[in-house]
Each structure stands twice: as C-alpha cells, then as structure tokens.
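Notes to accompany the following structure.
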Amino acid sequence: MEVGNTTTVRVRFAPSPSGYLHVGGARTALFNWLFARRAGGRFILRIEDTDQQRSTGESVAAILEDLAWLGLDWDEGPGADGGHGPYFQSQRSEFYRRYAGLLGDAGLLYPCYCTPEELEARRAGTGGEGKFQGYDGRCRELTPADRVRLEAEGRTSALRLRVPTSGKTVVDDGIRGRVEFANEIMGDFVVVRADGSPTYNFAVVADDIEMGISHVIRGEDHLSNTPRQFLIYEALGRAKPFFAHIPLILGPDRTRLSKRHGATSVGQYREAGFVQEAVANYLSLLGWSYDDRRELFTVPELVQAFSLERVSRNPAVFDPGKLEWFNGHYLRELPLEILEERLDPLMKRRGLTIPAGPDGREWYHRVLNLLRPRVHNLEELAADSAYFFPAEVPLDPAGLEKVIRKEGVAARLTAARERLAGVEPFNQEEIEEAIRGLAAELNLKAGDLIHPLRMAVTGKTVSPGLFEVLALVGRELTLDRIDRAACVAG
RNA sequence: GGCCCCAUGGUCUAGUGGUUAGGACGCCGCCCUCUCAAGGCGGUAGCACGGGUUCGAGUCCCGUUGGGGCUACCA
C-alpha cells in the first residue's frame, strides 16, 4: 500500500474537548505522532470545539496536559503557531465560509428548508423496513419561486451538498484496503447548518485542506463518514490525503471503550501512579505489533519501529491488567533518578522527607530498589515506603492478631530488641547473624522471630527481606517500634 | 432496517498455501525463600461454522453466524 510522500508528512490529532483524553484518543494521537516522527514530518494538534455546548476550556487544558505527559509534543497547535492556525475550529469560521462559498459558486449546494422535526417525521413515515434513512431530496429541485415562498414563511435554510445519485465512492484505506460505498445511500447531507456553522464532515475537510494534512490516521468509527468527506474533496476539486482507519479500542463487553467500563482517561491512570513509559508502550500495542516476540519499547524505540503496515484490522479489548504489568515493569527498570523525580510529589503529599545529603539519597535509592519489584504503581511505592521513615506505622489488624497477640511473642520481641541493641554495625549481615543466632539459642525457628519483628517494625505481614528492611529503617526506629509492639504482644 | 468493518487461546497478538500454530498478559505448578513480590523453569488454553479452490488451507473465494461501527442541521 502506497503510504504517500514521506518528505511532506503532515498529520493531525483532532480531539473534541468535551471530556478528558480518552485512551482511545491517546492511542490515535500516539499513532499519528509516531508516524510523523518516523517520517520526519509534522504533528499538528487541532481542537474541534465547534460544539459549544460540550466544549470546555478545562477540557482543552486537560487534553494538552495529558498529551504532553505522554511525550506527544505537537509542532503546530495551541501554543505552537505553524502558520496554519488558528488551531481551534471555533476560530476558523472564515475558512468554512470561504469553502462553502466555493461549493456554492460551483452550484453544488442548495438550500434546504425542511425543519429537523419534519425530517424526522418523514423518516419515521417511510416505515423503516429496509428503506433509505437519509435525506429524501425534497428541497433539491426547488424553484426560485418556491424558495421565496418558503422564506416568506419565515423558514431558515441549511445548505446541502448535491450528492451524485448513482455511481460509487471508493476509499482506498491504508489499513482496510479498497472500500466501496454506493453514492445513493448517502443522500444530500448538510454541509452548513441553518445557523451558518459547518457540520463536522465539512469542517474536517476544509481544515485538513487548509492545514495541508497529508495523512489522516483516525479511528475506524470514521470510516463510514469517509465517503462523505471524499465527496466534499471532489466537489472542491482538491486532492485527498492518504487515509488510514485504525481499529477501535473496546471494553470487556466488546463495545467501544467508554466511561462505564471504568478508568478510561489517561489522566486517571496518571493520577493512579502509572508512568508514561508504561501507558505509551501498552497503547502502542493496541492494534499494532512489531513481530512475534518483542513487546517492550521505549518511546524513541517506537519511533523507529512503528509503521502503518503493521497496524491490525481487528478491534482490541483494553486490558487494564496488562497495562498494570507494563507499569510494574517500568517501575522496576526506570533509572532511579527518574523514578525519584516522578515520586517526588507523592512523597511530599505524604509528608515523607528524604534525608539530606548524598548518604540520604543513597539510603533512599536502596529503599526504592527494595520496594519497586513489589509494586505496580507509584502510589503503592510511595505508600509502602512510609515505614522506612520516622512515621507512625499502624499495625495491620489481621497481622496483629495472627502474629503479635500470640503466646510468647512479647518475650521474643524483648529478647530480639536486646540483641539488636548491641548489633554493630547495624547492617543487614550483622542483623541477620544476630537474629538467626538468637533463634538458635532460644530453640526457635528463624521465622518465629522474623514474623513478629516484621509486624512490629513495618506494621505489615509482608515486606521485603526483614534484615534489609531493619538495616534501612535504622536501629533507633527499629527499637522504638519493637518496644511499642511488645506492649500489645501476647 | 440499510451500509461498512472485523473474526487465531479469557485478553493483546505473530502468522501472508506445507509450522509440533510462536510470543505477551492472566491463570496453575515448581525453584528461590523469613512473608510478599520480582526472577527462573514448566504447564493450561486458540485458528467461529459450512461450502468451495488446491496435491495441500489459520492463510485464497463464497456463504452463515457472531461482534462492532456508521446511518443527525453531534464530533
């Protein structure tokens, strides 16, 4: 499949700001961005805010933030003028007016005086049953006298495109191949509403032409609209860009992914402690694959590896579990400096302060290395790190019953405390030797000491290896917490 | 209803006429082990169905079934 002239690649992502950045939209943006970066082309961001009812400024801000977070920078768009602006459809009326004028001058538009109510009534009147549901063409051949009369009635008119009543429109899609649509099923659709505003199909075409878009990469939900857009390109006598319709992302019930399926916005995942590396990598695999074994890609690697040729045709079910696995993977692999940076706000929010100086930093890195193989997101990581700090550690109630309030535990904690008080230096090796030695002396299994100590010091029944934990928690905090636990032990 | 798209394990997918149908997530088991992870090893599970074409179909064609999308003066 011909992929077009790569030296002039200009692609766009055109979200409508009526909500947050959805993972489906993010995936579309990612594919466009990757395609542009790989081809050395331009990635353009256009805000389709013609629906004034639903569009909000907060939504625009949230979408920009999430795209930036994912690393999808735009060459042209809000805040980045590239000579094809403005980049908000609500500010582009003059273009739509001009294009409508061109169409009108060519005699390809006609005013339609039917009201929405009348149209609906007529559609219902056809009885449904295998009948054409589009416009019935009532106003298509109105005489000037008819128009004067209708206008005298106070009717306003929308402008419809004269669609050929025979023949077919062929879409050569980069992913679907050749798709044919009979013109007769399209009907004369509205291009300019009675209030003068352009309809979606018209605005998109006008914008894509004006912005010099070379490749339109978008969701498959737009495939059925494509022939209408083709008709507009043809009516305008303009060359069409290359089209590629990528498969939709579905929820577990195999319907288009939406809010009712749970967390579906990029922002939600970000706030839940997901890292952009994981989200981008996971999203890249929804509808695209590299080969039969490689799935791990950094964003720069994706730029090298991505191609439209390897985009799949089947819809993909979004699997939060696999996203979580990717997140765990990147949490484990990320350089500590980066991990630290990402964690910073979460640590601050919890009032956890990393000790100053190089020793403090090194200590913190050791804590992170201990914890990170065990968590799936930044929130967990921050939360689990709390007991390494001089913070109050609540004792998990179930663990308290199971391991602390048991016969003889108080005595064992006390014995361990005394032994630990004399360990020098207070490091993993020495601690282990002391505790194992004590267990042997008391004729206990090591676990009989380890489990109560873990509960006492971390407040939890699970943690990284106890000896490493104690060494990092430090003698002072360790002894304090043992004392406190001994008070409630059996 | 009409039009369009899609169909490999539960999920994401590799596969482009001849493969023991490969990988990943999940799940199960084993190893490691002070708990929990991580890691290593092993396992579970798949070509929707029916017709063709062909010496030979997961791969090509037709149909059926199933799923999805679009059918607005929404985007």
Side-chain angles (χ1 to χ4, degrees), chain A residues 14-16 18 48-51 53-55 89 112 114-116 119-120 123 126-135 156-160 171 173 175-176 179-182 185-187 189-195 197-201 203-204 219-228 245 247-248 250 252-256 282 285-296 310 312-319 321-326 328-329 332 371-376 399 403 432 435-436 439 445-451 453-455 458 460-467:
Chain A
S16 66
S18 54
E48 305 207 328
D49 60 347
T50 53
D51 187 341
Q53 305 301 317
R54 291 190 297 168
S55 300
Q89 281 192 331
C112 169
C114 302
T115 65
L119 292 171
E120 198 184 333
R123 263 194 293 267
T126 61
E129 290 317 292
K131 298 304 286 182
F132 169 59
Q133 294 289 299
Y135 184 60
T156 55
S157 61
L159 296 176
R160 289 184 184 271
V171 174
D173 189 89
I175 291 162
R176 314 276 145 190
V179 185
E180 300 184 357
F181 298 84
I185 62 145
M186 278 182 276
F189 54 92
V190 171
V191 143
V192 179
R193 298 190 187 96
D195 68 2
S197 66
T199 57
Y200 168 74
N201 285 127
V204 166
E220 201 210 302
D221 49 337
H222 291 282
L223 183 57
S224 297
N225 277 319
T226 307
R228 283 176 236 279
H245 288 91
L248 293 180
L250 312 179
D253 61 355
R254 301 203 140 274
T255 62
R256 198 230 230 84
Y282 177 65
L285 263 13
L286 252 24
W288 172 83
S289 64
Y290 182 68
D291 61 13
D292 63 341
R293 33 198 70 237
R294 181 152 182 223
E295 288 197 323
L296 260 10
R310 293 202 61 86
S312 144
R313 285 172 303 285
N314 346 9
V317 173
F318 185 75
D319 179 1
K322 188 156 183 178
L323 205 209
E324 184 170 76
W325 178 84
F326 272 102
H329 170 82
R332 266 170 261 134
L371 257 17
R372 61 176 177 165
R374 285 159 239 268
V375 297
H376 293 100
V403 347
E432 174 154 17
I435 295 300
R436 290 197 189 279
K445 286 179 293 181
D448 295 332
L449 253 25
I450 289 169
H451 298 304
L453 283 170
R454 169 175 287 115
M455 262 308 295
T458 71
K460 305 171 195 295
T461 55
V462 305
S463 83
L466 182 74
F467 309 121

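So you know, we letter chains A, B, ... as the sequences are listed, proteins then strands, and number each from 1. Side chains included, hydrogens not; waters and symmetry mates left out as well; all remaining heavy atoms used. Computed from a prediction, not measured in an experiment: that's the story for all the values here.
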Per A/Arg332 side chain, nearest of listed nucleotides B/rU13, B/rG69, B/rG39: B/rG39
Sugar-phosphate only, base, or nothing, as touched by A/Arg54 at under 4.0 Å among non-hydrogen atoms: base
I'd like a list of close polar pairs between nucleotides 7-9 of chain B and the protein, N/O only, cut-off under 3.5 Å.
from  : atom 1 : to       : atom 2 : distance (Å)
B/rU8 : OP2    : A/Asn314 : ND2    : 3.2

Pairing partner of B/rU53 (Watson-Crick or G-U wobble, both distances under 3.5 Å): none
Touch class at under 4.0 angstrom, heavy-atom based, for A/Gly447 against every strand present: nothing
Pair partner, B/rC3 [Watson-Crick or wobble, under 3.5 Å]: B/rG69
Touch class at under 4.0 angstrom, heavy-atom based, for A/Glu295 against every strand present: base
From B/rA75, B/rC36, B/rG23, nucleotide with atom closest to A/Gln89 side chain: B/rA75
ring-ring contact (aromatic ring centres under 6.0 Å, His included) partners for A/His329, two or more places apart: A/Trp325
Minimum-distance pair of heavy atoms, taken over all atoms of A/Arg176 and A/Pro247: NH2-N, 3.4 Å
Touch class at under 4.0 angstrom, heavy-atom based, for A/Ala446 against every strand present: nothing
Residue matched to B/rA48 through Watson-Crick or wobble contacts both under 3.5 angstrom: B/rU64
RNA chain B: 5'-proximal contact among A/Ser197 and A/Pro464 (nearest heavy atom): A/Pro464
Donor-acceptor under 3.5 Å (A/Arg310 side chain, A/Ser289 main chain): yes
Sugar-phosphate only, base, or nothing, as touched by A/Gly287 at under 4.0 Å among non-hydrogen atoms: sugar-phosphate
Who pairs with B/rA75 - Watson-Crick or G-U, where each distance is under 3.5 Å: none
Nearest-nucleotide pick for A/Ala316, side chain only, options being B/rU13, B/rG69, B/rC34: B/rU13
Partner nucleotide, any strand, of B/rG29 [Watson-Crick/G-U, under 3.5 Å]: B/rC41
Sugar-phosphate, base or nothing in reach of A/Leu296, heavy atoms under 4.0 Å: nothing
Given B/rC4, B/rG10, B/rA24, the nucleotide with the shortest approach to the side chain of A/Asp319: B/rG10
Rounded interatomic separation in angstrom, taking CZ from A/Arg293 and C1' from B/rG15: 12 Å
Sugar-phosphate, base or nothing in reach of A/Tyr200, heavy atoms under 4.0 Å: base
Nucleotide nearest A/Arg310 when distance is taken to its side chain, options B/rG23, B/rC36, B/rA14: B/rA14
Sugar-phosphate, base or nothing in reach of A/His245, heavy atoms under 4.0 Å: nothing
Sugar-phosphate, base or nothing in reach of A/Ser18, heavy atoms under 4.0 Å: nothing
Closest nucleotide among B/rC73, B/rU71, B/rG22 to the A/Asp292 side chain: B/rG22
Touch class at under 4.0 angstrom, heavy-atom based, for A/Leu223 against every strand present: sugar-phosphate
Any strand: nucleotide that pairs with B/rA24 via Watson-Crick or wobble, under 3.5 Å: B/rU11
Among B/rC73, B/rG68, B/rA14, the nucleotide that comes nearest once only the side chain of A/Thr255 is considered: B/rG68
Nearest-Å distance for atom pair CD/P, residues A/Glu220 and B/rC70: 10 Å
Sugar-phosphate, base or nothing in reach of A/Ser289, heavy atoms under 4.0 Å: sugar-phosphate
A/Tyr290 atom OH, neighbour heavy-atom count above 12 within 6.0 Å: no
Sugar-phosphate only, base, or nothing, as touched by A/Arg372 at under 4.0 Å among non-hydrogen atoms: nothing
Main-chain N/O of A/Ser18 paired to A/Ser16 side chain as donor or acceptor, under 3.5 Å: no
Whether A/Tyr282 and A/Phe326 hold their rings parallel, tilted or perpendicular, with breakpoints at 30° and 60°: tilted
Nucleotide nearest A/Ala194 when distance is taken to its side chain, options B/rC73, B/rC3, B/rC12: B/rC73
Sugar-phosphate only, base, or nothing, as touched by A/Arg454 at under 4.0 Å among non-hydrogen atoms: base
Nearest-nucleotide comparison on RNA chain B, the residue closer to the 5′ end among A/Phe318 and A/Glu180: A/Glu180
Side-chain donor/acceptor of A/Arg176 to base of B/rC5, under 3.5 Å: no
Distance-only donor-acceptor test, A/Ser224 side-chain atoms vs B/rG69 base atoms, 3.5 Å: yes
Sugar-phosphate only, base, or nothing, as touched by A/Ser16 at under 4.0 Å among non-hydrogen atoms: sugar-phosphate
